[in-house]
Visitor: 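Starting off with a structure, shown below.
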Amino acid sequence: MPMSLFPANFTGDPVPLGVDLHMHSTASDGALAPADLVGLCAERGVRLMALTDHDSMAGIDEAHDAASRLAIRLLPGTELSTRWHGINIHVVGLLPQGASGALALGLQSQAEAREARAVDIARRLEKVGLHDALALAREQAGPHRPLGRPDFARALVAAGLVPDITTAFKKHLGNGKAGDVKAYWPAMSEVVGWIVDSGGVAVLAHPLRHGLTRRKRGLLLDDFRETGGQAAELISGFQNADVTRDLARQLDERELYASVGSDFHFLGGHLAPGSMSPVPRTAVAPVWTHPRLAGFLQSANDPA
Ligand code: AMP
Ligand code: MN
Ligand code: MN
Ligand code: MN
């Protein structure tokens with residue numbers, strides 16, 4: 001697969017790029033097993049993908065086997081939970097060399113943080129009437145993966161306390177609500193360091209999804225860049241074209257690379273692997289042209 005299949009810049013061509021660098025599997029809160037997710041990517045014409053489960057790389061080996069069979073480029077990745085000025089900020093690590101050193105330890109501590117946080121969330125949800133909250137969330141998640149807020153959301157729905165997942169987040173788990181427990185996550189700057197020291201590219205995930213003003217988003221991007229972050233998601237799923245152009249300006253000013261991803265979790269919603277708003281014409285460089293990734297794309301499992 002020659003490099004030219006992944007454009008060196010964004011020309012504003014509306015044709016899908018065949019690139020999706022943000023997706024979830026059953027290794028975190030996604031519905032598809034890693035191999036099934038890769039299979040769906042192949043069906044949908046995604047040729048370069050990253051599996052970015054929350055605080056975990058447990059699905060990477062399975063995904064990699066499937067990707068090799070289907071001649072898809074798989075970038076190992078993860079989406080790490082962090083804290084920045086009291087906000088829960090997600091940082092995607094694109095990790096051509098996998099996780100080593102501080103990041104390997106960090107993934108362990110994130111899993112432990114998730115378990116401790118789940119106990120805390122459960123205690124808080126008991127107070128709004130979800131009895132046995134921890135066991136109910138575990139029932140939703142199954143035995144194999146660390147608990148996340150969606151497991152508590154489904155438990156609240158199953159118990160009849162809220163009509164649907166959206167309401168569960170709106171009333172109990174979303175930003176600023178009782179079940180939104182951030183204290184367990186490390187500082188954004190620390191997590192960026194883990195990724196960079198592992199030879200990876202740190203990507204600020206979905207910068208438009210925090211309800212920040214343009215100015216505050218600029219401060220976030222400044223801090224992210226200053227602590228060594230190299231890229232941000234210019235496109236996350238579907239978003240307004242004017243807002244995208246404005247975000248592109250903010251990335252350009254800071255010489256951040258642009259990543260694109262669907263943030264796909266499950267079928268049946270409006271998202272699918274590779275489905276996202278088109279990238280407008282912009283001077284911002286695609287993240288796959290970053291020196292740390294370009295080499296990986298030229299050499300790794302080249303189907304020729
Ligand atoms: P956690 O990683 O455990 O903090 O849970 C955050 C996850 O919950 C996100 O990655 C989404 O998958 C999901 N989520 C967040 N907000 C909502 C929402 N309003 N409705 C549905 N799912 C959500
Ligand atoms: Mn999620
Ligand atoms: Mn996220
Ligand atoms: Mn995500």
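As the structure lists them, so they are numbered: ligands from 1, and atoms in each ligand from 1.
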Visitor: Considering only N, O or S atoms, which atom of E79 is nearest to the Mn ion (ligand 3)?
Guide: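 Nearest to the Mn ion (ligand 3) within E79's N, O and S set: OE2.
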
Visitor: Nearest N/O/S atom of H90 with respect to the Mn ion (ligand 3), by atom name, please.
Guide: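 In H90, the N, O or S atom with the shortest distance to the Mn ion (ligand 3) is ND1.
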
Visitor: Assess, by modelled atom type and distance only, whether the side chains of Q239 and T244 contain a donor and an acceptor separated by less than 3.5 Å.
Guide: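 The answer is yes; a qualifying pair exists.
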
Visitor: Charged N to carboxylate O under 4.0 angstrom, D151 versus R154?
Guide: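 R154 and D151: salt-bridged.
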
Visitor: Over 60° means perpendicular and under 30° means parallel, so tell me whether H54 and H265 are parallel, tilted or perpendicular.
Guide: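 Rings of H54 and H265: tilted, as their planes differ by 30° to 60°.
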
Visitor: Report yes or no: does S81 have a heavy atom closer than 4.0 Å to ligand 1?
Guide: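 No, S81 has no heavy atoms under 4.0 Å from ligand 1.
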
Visitor: Give the atoms of ligand 1, by number and element, whose distance to some non-hydrogen atom of I165 is under 4.0 Å.
Guide: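 So the atoms of ligand 1 that pass are 21 (C).
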
Visitor: Should R117 be listed as contacting ligand 1, given a heavy-atom distance under 4.0 Å as the test?
Guide: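 Yes, that is the case, since the closest heavy atom of the residue is under 4.0 Å from the ligand.
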
Visitor: Does the side chain of R149 come under 3.5 Å of the side chain of N88 through a donor N or O and an acceptor N or O?
Guide: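 Present: a donor and an acceptor within the cut-off.
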
Visitor: Taking 4.0 angstrom as the limit and counting only heavy atoms of P150, give me the atoms of ligand 1 inside it, by number and element.
Guide: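 Per the distance check, 5 (O), 7 (C), 8 (O), 13 (C).
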
Visitor: Does a side chain donor of either T26 or R145 reach within less than 3.5 Å of an acceptor in the other side chain?
Guide: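 No, no side-chain donor-acceptor contact under 3.5 Å.
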
Visitor: In the protein, which heavy atom is nearest to atom 7 (C) of ligand 1, and how far is it?
Guide: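 Of every protein heavy atom, D29 OD2, 3.6 Å lies nearest to atom 7 (C) of ligand 1.
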
Visitor: Return yes when at least one N/O/S atom of H265 is nearer than 2.8 Å to the Mn ion (ligand 2), and no when none is.
Guide: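 Within the cut-off used here (under 2.8 Å), H265 does place an N, O or S atom near the Mn ion (ligand 2).
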
Visitor: Between H54 and ligand 1, which part of the residue brings a heavy atom under 4.0 Å of the ligand: side chain, backbone, both or neither?
Guide: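 Under 4.0 Å from ligand 1, H54 contributes side-chain atoms alone.
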
Visitor: With a 4.0 Å cut-off on N to O distance, would you call R138 and E115 a salt bridge?
Guide: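 Looking at E115 together with R138, the answer is yes, because their closest N to O distance falls below 4.0 Å.
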
Visitor: Is the side chain of D252 donor-acceptor paired with the backbone N or O of A248 at a distance under 3.5 Å, no angle test?
Guide: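 A pair under 3.5 Å: no.
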
Visitor: Rounded to the nearest 10 degrees, what's the angle OD1 of D29 makes with NE2 of H54 at the Mn ion (ligand 2)? Could you check?
Guide: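 Taking the Mn ion (ligand 2) as the apex, I get 80° for this pair.
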
Visitor: Any side-chain to backbone donor/acceptor pair from R292 onto V196? Under 3.5 Å, distance only.
Guide: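 Checked: pair present.
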
Visitor: Please say whether H90 places an N or O atom under 3.5 Å from an N or O atom belonging to ligand 1.
Guide: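 No; every N/O pair is 3.5 Å or more apart.
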
Visitor: Please could you name the atoms of ligand 1 that G148 approaches to less than 4.0 Å, counting only its heavy atoms?
Guide: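 Near G148, the atoms of ligand 1 are 3 (O).
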
Visitor: Hey, is T166 one of the residues with a heavy atom under 4.0 angstrom from ligand 1?
Guide: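 Checking ligand 1 against T166, which is what was asked, there is no heavy-atom contact under 4.0 Å.
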
Visitor: To make sure I understand the geometry: which N, O or S atom in H206 is closest to the Mn ion (ligand 3)?
Guide: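 Among the N, O or S atoms of H206, the one closest to the Mn ion (ligand 3) is NE2.
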
Visitor: Got the closest protein heavy atom to atom 6 (C) of ligand 1, with its distance?
Guide: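 So the nearest neighbour among protein heavy atoms is R149 NH2, 3.7 Å.
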
Visitor: Indicate, as side chain, backbone, both or neither, the part of H265 found under 4.0 angstrom from ligand 1 when only non-hydrogen atoms are considered.
Guide: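 Side chain only.
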
Visitor: Quick one: does L17's side chain get under 4.5 Å of V279's, heavy atoms only?
Guide: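 L17 vs V279: side chains touch.
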
Visitor: Tell me the contacting part of R114 for ligand 1: side chain, backbone, both, or neither, using a 4.0 Å heavy-atom threshold, strictly below.
Guide: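 It is the side chain that touches ligand 1; the backbone stays farther off.
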
Visitor: Just by distance, do the side chain of D132 and the backbone of A135 share a donor-acceptor pair under 3.5 Å?
Guide: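 It does not hold such a pair.
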
Visitor: With no hydrogens and no angle check, is any side-chain donor or acceptor of R83 less than 3.5 Å from a backbone partner on P186?
Guide: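 It does not hold such a pair.
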
Visitor: Out of F266, Y184, F169, who is nearest to atom 19 (N) of ligand 1 when you count heavy atoms only?
Guide: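 Nearest heavy atom to atom 19 (N) of ligand 1 lies in F169.
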
Visitor: Between E79 and ligand 1, which residue portion shows a heavy-atom distance shorter than 4.0 Å: side chain, backbone, both, or neither?
Guide: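 Near ligand 1, E79 shows nothing, with every heavy atom at 4.0 Å or more.
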
Visitor: State whether a side-chain donor-acceptor pair under 3.5 Å links T167 with D164.
Guide: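 The answer is yes; a qualifying pair exists.
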
